[in-house]
Every structure is written in structure tokens, then in C-alpha cells.
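Given the structure is predicted, the values throughout are model-derived calculations rather than measurements.
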Amino acid sequence: QAKRPLLIVMHGGFLQGGNKKNYAYLGGLGVRQGYAVAIVQLKHYPGVFTRPLYSAESLRARSLVAQSKNLATFVREVTKLGERFGFDGEKIHMMAHGSGALLIGDADVSKFKSIVLVSPIWSLKENVTKIAPMQLRALEGYITDADALRLSPSEWVKATKNPLLLICSERDLPYIKDACASAKLERTAATPVTRVIVQRPSHFELMFHLGSKIEEATEPLKKFLFDSARL
């Protein structure tokens, strides 16, 4: 058989609560659509009470900016594992949830065969004032205006031309819901973007219900993954 493309899944949670175990079901979903699947886990940024136990260097290494570079390194290095795990290292697809979309910006997004963003934080520069302070621990003191632009999907998506699926919910976090509905997707000579906005689930329910029959975004996602696997 031909080698499968690789689907990389990046968790959300602002680096404070995301756990790859909660996304494990996407392994089966991706395999059934024709992929090998890698679900990434990044180290969490410490909470208020545990932060004093970490050095300044350790805190910086767990910040959003540093972790985005870690993901970029993973994307480069994982291509070397194709022979071992039976996938095509030249055919990489990306899927990210929530703040996970911010972590993609340091990777070479132009090489992704397709991208799925579920309830993404679309623009860090525009949305950061609307995000709860407790969620900003992995940003505060570590991110510059240049970083904010580079990591925002509203900016890095311009460098992509291949299929992009944007999934959001009407009951999502306000700053995410509004951006999903109004996001301007400026891509020159690119495949049209598919936008799916469902009615019922919340920010986390939407992600964790994907793949189930009760979630109306499941069928569009499965079709997108199936079609993109043939690219």
C-alpha cells in the first residue's frame, strides 16, 4: 500500500490544561480517513502556586513563544520517522484546537497539505485584551508585538494555499465566535476556505464531540480529512 500522510494534532489550553489524552479519539478518526496520526503534548506553564518552584529559565522555556518553536522543531524532525511508522514525511497535515492554533505560527505552514482549526484564537493582537488574565500566564512577559503577529492564524494563514477548514460554535467563547464569523481569509491563488459554524456545543464540547454522530461538525470534518488525504 502507499504510505499514509501524517496528521499532527495540537491541543489547546493555553499551555496550562491541554492534555493529549483528551484528543486520543482523533487517532482512530484520522486512521479511518487514511492517515497516520501524531498527537502532540507540550509541557504546561506552571500555575500561580507552583510558579515559585521554577527558575526564570524554566518558565521562559514553557512560554507560548518557546513552545511554538518546539512544535516547529517537532514538525521538522517527525518527517524522519516515516520509514519507522509507515507514513509519508512529505505529506504533513495539521489540526489544532483553541490556542493550539497560535503554536503553529513558527512552523513552515506553507508545507502543510491541509489545516483544520477548531475554535481557534484567530488574532492574538486583536483578541488578547478579551482573554481572561488567568489564561495569559504563558504570554505575559514573554511575547512581543512581533511574536503576536507571527503566531496569529490571521497572519500565518496568508502563507498557506492548501485546504483550510475552520470549525467554530455559536456558543463558543465570545472573542473566538466573533472572529470565526467575521475572519477575513486573504490567501492569494489558494484553495477556498471551508467554514463550518455549528449551533450547540461550547468551546471544549465541540472539540471533544468531534467524531460522534451527535456533533453536526463531524461529517464535514470527516469529508475534509478524507478528501485532503488524497492530496
Side-chain angles (χ1 to χ4, degrees), residues 8-27 38-78 94-109 116-157 168-169 171-180 201-208 210:
I8 299 174
V9 179
M10 184 65 245
H11 64 75
F14 267 105
L15 297 175
Q16 293 159 81
N19 192 316
K20 69 178 182 179
K21 293 180 180 179
N22 294 330
Y23 299 77
Y25 70 95
L26 290 171
I39 305 174
V40 180
Q41 175 72 58
L42 294 179
K43 294 181 179 179
H44 290 170
Y45 191 84
V48 174
F49 297 108
T50 58
R51 198 184 311 177
L53 303 176
Y54 292 80
S55 67
E57 183 179 351
S58 295
L59 291 175
R60 183 171 294 279
R62 291 170 179 249
S63 70
L64 185 75
V65 178
Q67 296 284 37
S68 68
K69 297 185 185 303
N70 289 340
L71 178 61
T73 299
F74 173 80
V75 172
R76 289 195 306 270
E77 294 297 318
V78 76
M94 176 63 71
M95 182 175 186
H97 177 217
S99 60
L102 299 171
L103 294 160
I104 299 174
D106 273 321
D108 187 354
V109 296
V116 179
L117 300 180
V118 183
S119 297
I121 295 176
W122 188 247
S123 173
L124 190 58
K125 186 174 181 181
E126 294 178 10
N127 301 146
V128 71
T129 57
K130 303 176 183 178
I131 301 171
M134 288 296 288
Q135 294 178 312
L136 294 177
R137 293 195 299 269
L139 306 182
E140 186 178 6
Y142 302 107
I143 191 164
T144 65
D145 287 345
D147 293 328
L149 279 176
R150 186 181 74 258
L151 300 181
S152 292
S154 60
E155 298 302 312
W156 61 250
V157 77
C168 301
S169 167
R171 297 186 182 182
D172 221 318
L173 300 169
Y175 59 89
I176 291 179
K177 177 187 68 175
D178 295 344
C180 280
S202 68
H203 179 72
F204 290 105
E205 289 173 335
L206 173 58
M207 185 71 214
F208 302 144
L210 280 175

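- Closest approach of Asp106 and Val65 over heavy atoms only: OD2-O, 4.1 Å.
- For the atom pair OG of Ser58 and CZ of Arg51, the computed distance is 13.5 Å after rounding to the nearest 0.5 Å.
- A side-chain N or O of Thr73 and one of Arg76 form a donor-acceptor pair less than 3.5 Å apart.
- At a threshold of 4.5 Å between non-hydrogen side-chain atoms, the residues Phe204 and Asn22 do not count as touching.
- At least one donor-acceptor pair under 3.5 Å links the side chain of His44 to the backbone N or O of Gly18.
- Shown here for Phe208 and Tyr25, the closest heavy-atom pair between the two residues is CA-OH, 3.6 Å.
- In this structure, CG in Leu151 is found 4.5 Å from OG in Ser68, a value given to the nearest 0.5 Å.
- Ile121 places none of its side-chain heavy atoms less than 4.5 Å from the side chain of Leu173.
- Between Ala96 and Ile104, the shortest heavy-atom contact is CB-CD1, 3.7 Å.
- When atom types are taken as modelled, the side chain of Trp122 and the backbone of Asp178 share no donor-acceptor pair closer than 3.5 angstrom.
- Going from atom OG of Ser63 over to atom NZ of Lys69 covers 9.5 Å, rounded to the nearest 0.5 Å.
- Checking side-chain atoms of His11 against main-chain N and O of Leu42 turns up a donor-acceptor pair under 3.5 Å.
- Without hydrogens or angle criteria, Gln16 side chain to Phe14 main chain gives a donor-acceptor distance under 3.5 Å.
- Although no hydrogens or angles enter the test, the distance criterion places no donor-acceptor pair under 3.5 Å between the side chain of Arg171 and the main chain of Pro201.
- The OG atom of Ser169 sits 10.5 Å away from the CD1 atom of Ile176 when rounded to the nearest 0.5 Å.
- With a 4.5 Å cut-off on side-chain heavy atoms, Lys177 and His203 do not count as touching.
- Of all the heavy atoms in Arg62 and Pro46, the pair that sits closest is CD-CD, 4.1 Å.
- Remark: the Ser152 side chain and the Glu155 side chain contain no N/O donor-acceptor pair separated by less than 3.5 Å.
- Between Leu102 and Pro153 there is a side-chain heavy-atom pair separated by less than 4.5 Å.
- Note that CG of Leu64 and CG of Asp147 are 8.5 Å apart. Values are rounded to the nearest 0.5 Å.
- Checked by atom type and distance alone, the side chain of Tyr23 pairs as donor or acceptor with a backbone atom of Gly12 at under 3.5 Å.
- Side-chain contact between Leu59 and Tyr142: present, with at least one pair of heavy atoms (C-beta onward) separated by less than 4.5 Å.
- Here the closest heavy-atom approach between residue Lys20 and residue Gln41 is recorded as N-OE1, 2.7 Å.
- The shortest heavy-atom contact between Ile39 and Gly27 is CD1-N, 4.2 Å.
- In this structure, Met94 and Val75 have side chains that are in contact, with non-hydrogen atoms separated by less than 4.5 Å.
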- Task: Give the C-alpha distance, both sets of side-chain angles, the deciding distance and a yes or no for side chain to side chain contact (heavy atoms under 4.5 Å, CB included) between Leu210 and Met95.
- Result: CA-CA 12 Å; Leu210 280 175; Met95 182 175 186; 4.1 Å; yes

